[in-house]
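Read the structure below first, then the notes.
Note that this is a predicted model, so its numbers are computed, not measured. Numbering of residues begins at 1 and proceeds along the displayed sequence.
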Amino acid sequence: MQSLKNSPSPLKRPRLTPQPPPTPPNPQTLTTNKPSKWTPLNLTQSELSLPLTFPTGQTFRWKKTGPLQYTGPIGPHLISLKHLQNGDVCYHIHTSPSEPAAKSALLDFLNMGISLGELWEGFSASDCRFAELAKYLAGARVLRQDPVECLLQFLCSSNNNIARITKMVDFLASLGSHLGNVEGFEFHEFPSLERLSLVSEVELRNAGFGYRAKYITGTVDVLQSKHSGGAEWLLSLRKLDLQEAIDALCTLPGVGPKVAACIALFSLDQHHAIPVDTHVWKIATRYLLPELAGVRLTPKLCSRVAEAFVSKYGKYAGWAQTLLFIAELPSQKAILPSDFCAMEENKSAKTKER
């Protein structure tokens with residue numbers, strides 16, 4: 001996480017007519033101005049599906065900038081990803097202090113040390129429904145985000161909708177160094193905790209954060225008070241057991257068990273974390289714990305749901321839960337064949353009858 005600094009002039013989309021020489025960039029920053037330079041990432045769509053990974057609630061910082069193309073910042077790097085016609089993934093670096101560092105950060109962000117194919121093969125062997133869904137929804141990866149960014153994004157998500165969450169996250173991000181403009185979207189490096197500490201609760205309320213404003217300022221203050229530094233403290237949670245990490249996160253203002261589980265899964269390498277909300281509760285009572293159908297969700301039952309997912313899918317249960325959650329989204333249900341959806345509805349009806 002870098003502190004706020006002067007950034008080079010915003011990048012502009014190229015035109016067919018010759019353009020005057022650009023303003024010389026900051027000598028510490030390398031800007032690549034070759035939009036046609038797309039590099040293969042050696043990933044098939046079964047290992048990474050962009051539409052099933054970016055707009056499905058893990059992060060709110062990546063924008064759709066073209067057909068099957070998404071753009072977003074990873075630290076000081078501004079990168080686009082897109083699918084080729086055969087489904088393979090390639091990337092383009094718009095802005096970066098170092099192209100090798102940008103690629104390394106991208107691979108880390110995409111959790112590329114984990115083979116999605118191997119995971120799903122194991123999930124499919126233990127769950128025939130998962131095996132069927134995987135045929136149509138391949139490539140839904142769990143991202144490895146910066147913990148500070150992930151934490152503040154999910155503080156914005158409390159009792160909120162995607163449009164408002166995105167607006168709030170964009171406001172926070174706008175306080176960081178400007179990285180460039182791609183297809184009309186402005187991108188910024190996420191601001192440091194030092195920069196965020198200068199923002200008042202009143203400013204956030206005026207920007208539409210509502211009651212979440214006090215959680216954000218309160219959490220930033222708590223992180224700033226950490227002896228080792230807030231960013232370092234959050235990173236240290238990657239080394240703890242899941243429950244220890246959840247308990248530590250829940251000491252922050254506005255962070256409850258569900259938000260903590262999201263942060264743990266999407267940024268802290270806690271691959272069996274299960275964020276339990278009403279949607280995941282419905283999935284659990286329909287397929288894992290049918291005997292609890294119709295029962296009201298309680299904190300104690302949240303733990304039981306998480307245990308059921310881990311019992312079924314093992315130490316990467318959070319990845320399996322992510323796919324099952326995505327399969328319930330209206331946009332993804334449209335991908336599934338009508339006969340599969342009808343079969344699901346019949347099973348659900350029989351479960352309710354029992």
Residue pairs, two or more places apart or on separate chains, that pass salt bridge (Lys or Arg N to Asp or Glu O under 4.0 Å) and touch residues 310-325: none
Please collect all side chain to side chain donor-acceptor pair (under 3.5 Å) contacts where either partner lies in residues 296-311, sequence neighbours excluded, each pair once. Glu291-Arg304
Output all residues satisfying salt bridge (charged side-chain N to carboxylate O under 4.0 Å, His left out) with Arg164, sequence neighbours left out; order by chain, then residue number. none
Do Leu41 and Leu81 come close enough that some side-chain heavy atom pair is under 4.5 Å? yes
Side chains of Glu194 and Ser197: is there a donor and an acceptor less than 3.5 Å apart? no
In chain order, what residues pass the ring pair (Phe, Tyr, Trp, His ring centres under 6.0 Å) check against Phe266, with sequence neighbours excluded? Phe154
Gap between atom CZ of Phe109 and atom OG of Ser104 - 0.5 Å precision: 13.5 Å
Counterpart residues, ring pair (Phe, Tyr, Trp, His ring centres under 6.0 Å), relative to Phe209 (two or more places apart): Phe171
For residues 60-88, the side chain to side chain donor-acceptor pair (under 3.5 Å) pairs (sequence neighbours left out) are Arg61-Glu149, Lys63-Asp170, Thr65-Gln69, Thr65-Thr71, Thr71-Ser80, His77-Ser96, Ser80-His94, Asn86-Asp88
Between Trp120 and Phe130, is the ring centroid distance below 6.0 Å? yes
If you compare all heavy atoms of Pro147 against all heavy atoms of Leu234, which two are closest, and at what distance to 0.1 Å? CB-CB, 3.8 Å
What is the minimum heavy-atom distance between Thr53 and Gly139, and which atoms define it? OG1-O, 3.4 Å
Grouping I, L, V, M, F, W and Y whenever their side-chain heavy atoms are under 4.5 Å apart, do Phe123 and Leu265 come out in a common cluster? yes
Using side-chain heavy atoms (C-beta onward) and a distance below 4.5 Å, is Glu189 in contact with Pro73? no
Assign the ring pair Trp319 / Tyr316 to parallel, tilted or perpendicular, where the plane angle (0 to 90°) is split at 30° and 60°. perpendicular
For the residue pair Val295 and Thr285, establish whether any side-chain heavy-atom pair is separated by less than 4.5 Å. no
Hits for salt bridge (charged side-chain N to carboxylate O under 4.0 Å, His left out) against Asp108, two or more places apart or cross-chain, chain-then-number order -> Arg144
Linked, directly or transitively: Leu235 and Val222 (ILVMFWY side chains, under 4.5 Å): no
Report, one line per pair, each donor and acceptor closer than 3.5 Å where one atom sits in a side chain of residues 236-243; sequence neighbours left out.
| unit_1 | atom_1 | unit_2 | atom_2 | d |
| --- | --- | --- | --- | --- |
| Ser236 | OG | Trp233 | O | 2.5 |
| Arg238 | NE | Ser267 | O | 2.8 |
| Arg238 | NH2 | Gln145 | O | 3.4 |
| Arg238 | NH2 | Ser267 | O | 2.9 |
| Gln243 | NE2 | Asp247 | OD1 | 2.9 |

Is there any side chain to side chain donor-acceptor pair (under 3.5 Å) pair reaching into residues 217-232, and which pairs are they, with sequence neighbours excluded? none
Pairing of Glu99 and Lys103 as salt bridge, 4.0 angstrom limit: no
Using side chain to side chain contact (heavy atoms under 4.5 Å, CB included) as the criterion, list what pairs up with Ala284, not counting sequence neighbours. Val305, Phe309
Are the side chains of Val89 and Thr44 in touch, meaning some heavy atoms are under 4.5 Å apart? no
Less than 3.5 Å apart, any donor N or O on the side chain of Glu186 or His178 sitting next to an acceptor on the other? yes
Can you tell me if Glu244 has over 12 outside heavy atoms packed within less than 6.0 Å of its CD? yes
Does anything in residues 210-219 pair up under salt bridge (Lys or Arg N to Asp or Glu O under 4.0 Å), and if so which pairs, sequence neighbours excluded? none
Keeping to residues at least two apart or across chains, list the salt bridge (Lys or Arg N to Asp or Glu O under 4.0 Å) pairs with something in residues 254-263. Lys258-Asp277
